[in-house]
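Written out below as structure tokens is the structure these notes cover.
Every value quoted in this text rests on a predicted model; they were computed, and no experiment measured them. Along the sequence shown, residues carry numbers from 1.
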Amino acid sequence: MNKPDIHSGRLPAKEYRRNFADIKPPLSDYQAHIEASRCLYCEAAPCIPACPTGINIPSFINRIATDNIDGAAQAILDANILGGTCARVCPTEVLCEQACVRNHEPECLPVKIGLLQRYAIDNRQSADHPFTRLPDTGKTIAVVGAGPAGLSCAHALARQGHTITLFDAREKPGGLNEFGIAYYKLVDSYARQEVDFILEIGGICPEYGCRLGQNLSLDQLRAQFDAVFLGLGLGGCHSLGLPGEAAEGVEDALPAISSLRQCHDLSQLPVGRRIVVIGGGNTAIDIACQCKRLGAEDVTIAYRRGPEQMSATGHEQAFARDNGVRILTWVQPSALETEGGCITAIQLEKTVLDTSGQLQGTGELTTLPVDTLYKAIGQHLLVDAFANTSDSPAIKGNRIVTDDHFCTSLVNVWAGGDCIDKGEDLTVHAVEHGKRAARAIDQYLQGRER
């Protein structure tokens with residue numbers, strides 16, 4: 001039998017350390033002040049609306065330039081309590097930095113807003129927590145999901161004096177920041193440190209191992225609490241729908257990234273020699289690059305459309321190529337080849353757009369040998385979360401439907417993050433959802449019109 005070539009310890013120890021070190025090293029004091037001096041402090045700064053959380057970017061950069069680092073951090077955290085993580089993982093190249101007016105100058109680069117944001121947060125000196133709770137209101141809120149949306153919502157409500165119980169299905173908080181982001185983008189347990197910082201405000205009581213639809217029901221929460229916020233994320237992974245998909249070596253990308261992030265010794269983590277990733281988003285890029293950095297020799301991303309249609313940014317695609325990852329576009333999975341219960345190859349069919357703009361296969365096939373096939377073709381809402389409830393929120397297109405104030409079809413239930421039908425699936429969008437939902441919940445609890 002052609003056995004899969006999957007082994008651990010493919011690299012010397014020093015290469016693991018180098019490959020999974022921070023890919024965006026922080027700015028030094030000198031670099032930060034030089035970079036801050038490049039900001040033009042525009043009066044109608046286009047970078048502000050380009051930030052989904054509306055951080056006043058010229059204001060915090062000006063404070064860095066004048067050595068008011070604590071003030072810079074405060075300006076960021078006022079708008080985005082997960083500003084440290086967002087500084088590290090946000091696609092700033094298509095958000096604030098793309099909007100920077102420096103781009104309009106010949107041969108000029110935009111201000112490094114993301115790195116300056118990280119500098120401000122990382123170098124905050126004050127020992128005091130930057131936020132305090134208002135007097136206790138006696139109101140209680142259940143926040144389901146301790147990811148970016150849930151954490152943002154819980155913190156904003158705690159500031160108003162409400163008491164929050166923060167439920168999460170996993171054994172520790174953080175959501176995708178803890179379990180789903182490439183190891184080298186968020187190093188040194190930063191996701192957990194940020195959660196601990198958020199919880200310092202008080203009034204937030206975490207409860208882990210609580211999964212909606214299993215040992216937790218929406219009916220129960222609505223009866224027990226004054227309001228409920230759902231930050232469920234998208235817990236299910238789409239399938240290819242091909243025979244042989246249950247074979248050993250065919251894996252979902254997100255659980256694999258989670259295993260890598262939780263591994264304490266990367267040299268013990270097995271990786272195949274020949275990897276194929278199906279998908280065109282950031283998750284596909286992350287798993288492909290991490291496999292390459294674990295010692296995989298041949299890593300290919302296969303995507304059914306062109307590079308312009310990939311949800312991974314051009315920057316991420318270039319990063320993958322720089323890591324030695326091959327990106328094949330205009331191909332789709334056609335068949336899986338297995339032997340002895342293990343995947344051995346994948347057959348890809350060339351695709352084109354027909355005259356009506358629909359994707360179709362051409363019948364032209366190519367076969368790639370594979371030890372591990374990762375599926376990164378998107379996630380879906382696990383609707384069994386509402387299996388044991390008498391009344392569930394309206395769902396459309398596999399997302400929870402909300403109004404402009406993030407209220408669901410249920411009067412005292414709000415939702416935000418990847419599980420709803422608004423915005424892109426980015427950490428920064430989830431943070432904004434949680435913040436705005438908290439504002440609506442607070443107004444609801446105080447009996448005001450939303």
Side-chain angles (χ1 to χ4, degrees), residues 51-55 76-92 95-96 114 117-118 121 131 141-159 164-183 185-187 189-201 204 206 208 212 228-235 254 257-258 261 281-283 286 311 379 381-382 399-400 402 406 414-441:
C51 171
T53 56
I55 294 173
I76 295 163
L77 295 171
D78 278 339
N80 183 343
I81 192 60
L82 278 81
T85 286
C86 288
R88 290 161 165 80
V89 306
C90 262
T92 54
L95 296 173
C96 54
Q117 181 169 315
R118 174 176 175 175
I121 298 293
F131 301 101
I141 301 102
V143 172
V144 184
L151 290 167
S152 173
C153 184
H155 183 269
L157 288 168
R159 287 180 63 183
I164 296 89
T165 303
L166 180 63
F167 297 98
D168 199 85
R170 294 185 183 263
E171 70 282 1
K172 57 181 174 179
L176 285 182
N177 289 356
E178 176 63 46
F179 296 99
I181 289 176
Y183 196 102
K185 292 181 180 178
L186 213 56
V187 302
S189 302
Y190 186 82
R192 185 54 193 260
Q193 295 171 35
E194 192 168 50
V195 171
D196 291 342
F197 165 75
I198 288 171
L199 296 181
E200 283 180 25
I201 193 172
I204 305 174
Y208 305 123
L212 198 65
V228 178
F229 175 81
L230 303 176
L232 303 176
L234 299 173
L254 271 178
I257 292 173
S258 175
R261 281 197 59 84
N282 289 335
T283 299
D286 283 354
S311 58
Q379 293 78 50
L381 181 69
L382 292 175
R399 305 281 179 122
I400 298 172
T402 64
F406 297 88
W414 286 256
D418 295 352
C419 68
I420 73 167
D421 57 349
K422 287 180 172 60
E424 300 177 55
D425 296 343
L426 296 174
T427 297
V428 68
H429 280 286
V431 173
E432 181 65 9
H433 292 178
K435 184 177 71 175
R436 290 173 58 189
R439 189 179 304 133
I441 293 169

Open item on the list: Between L234 and R399, is there a side-chain heavy-atom distance shorter than 4.5 Å?
Closed with: yes
- [ ] Could you grab the distance from atom CD of Q117 to atom CG of N80, nearest 0.5 Å is fine?
- [x] 6.5 Å
TODO: State, yes or no, whether a side-chain contact exists between I441 and C153 at a heavy-atom distance under 4.5 Å.
DONE: yes
Task: H155 and F131 aromatic ring geometry - parallel, tilted or perpendicular at 30°/60° bounds - done: perpendicular
Task: Considering all heavy atoms, the nearest G233-D418 contact - done: CA-CB, 4.2 Å
Open item on the list: Can you list everything that forms a ring pair (Phe, Tyr, Trp, His ring centres under 6.0 Å) with F179? Sequence neighbours excluded, please.
Closed with: none
Open item on the list: Between L426 and P52, is there a side-chain heavy-atom distance shorter than 4.5 Å?
Closed with: no
- [ ] Output the distance between atom CZ (R436) and atom CH2 (W414), rounded to the nearest 0.5 Å.
- [x] 14.5 Å
Open item on the list: A side-chain contact here means heavy atoms from C-beta on lying under 4.5 Å apart; do F197 and L77 qualify?
Closed with: yes
Open item on the list: Let me confirm one number: the CG-NE2 distance from L95 to H429, rounded to the nearest 0.5 Å.
Closed with: 6.5 Å
Open item on the list: Is there a side-chain contact between E424 and P91 in this structure, where contact means two heavy atoms from C-beta onward sitting under 4.5 Å apart?
Closed with: no
Task: Where L381 and C419 come nearest, the two heavy atoms and their spacing - done: CD1-CB, 3.9 Å
- [ ] Would you name the heavy atoms of S152 and G434 that are closest together and state the gap between them?
- [x] OG-C, 3.7 Å
TODO: Measure the spacing between CG of L157 and CD1 of I164 and express it to the nearest 0.5 Å.
DONE: 5.0 Å
TODO: Give the intermediate values and the outcome of side chain to side chain contact (heavy atoms under 4.5 Å, CB included) for residues K172 and V195.
DONE: CA-CA 10 Å; K172 57 181 174 179; V195 171; over 6 Å; no
TODO: Scan side-chain atoms only and decide if K435 and T53 contain a donor-acceptor pair under the 3.5 Å cut-off.
DONE: no
TODO: Report the distance from atom CG of D168 to atom CG of L232, rounding to the nearest 0.5 Å.
DONE: 10.0 Å
TODO: Measure across G281 and S311 and return the closest heavy-atom pair with its distance rounded to 0.1 Å.
DONE: CA-OG, 3.1 Å
Task: Exercise: identify the closest heavy-atom pair between F229 and A437 - done: CE1-CB, 3.6 Å
Task: Passing option when L230 is tested against T402, V143, L212 for side-chain contact (heavy atoms from CB on, under 4.5 Å) - done: L212
Task: Expected output: side-chain R192 to main-chain G174 donor-acceptor under 3.5 Å - done: no
Open item on the list: Quick check against the 3.5 Å criterion: does E194 have a side-chain atom that pairs as donor or acceptor with the backbone of T85?
Closed with: yes
TODO: Any chance you could measure L166, atom CG, to I204, atom CD1, to the nearest 0.5 Å?
DONE: 7.0 Å
Task: Backbone of G180 reached by a side-chain donor or acceptor of R261 within 3.5 Å - done: no
Open item on the list: Is there a side-chain contact between I198 and L82 in this structure, where contact means two heavy atoms from C-beta onward sitting under 4.5 Å apart?
Closed with: yes
Open item on the list: So P148 and T427, do their side chains get closer than 4.5 Å, heavy atoms only?
Closed with: yes
Task: For L186 against A191, the heavy-atom pair lying closest together - done: CD2-CB, 4.0 Å
TODO: Could you tell me whether the side chain of N177 reaches within less than 4.5 Å of the side chain of L151, counting heavy atoms only?
DONE: no
Task: Residues which pass ring pair (Phe, Tyr, Trp, His ring centres under 6.0 Å) with Y183, listed by chain and number, not counting sequence neighbours - done: F20
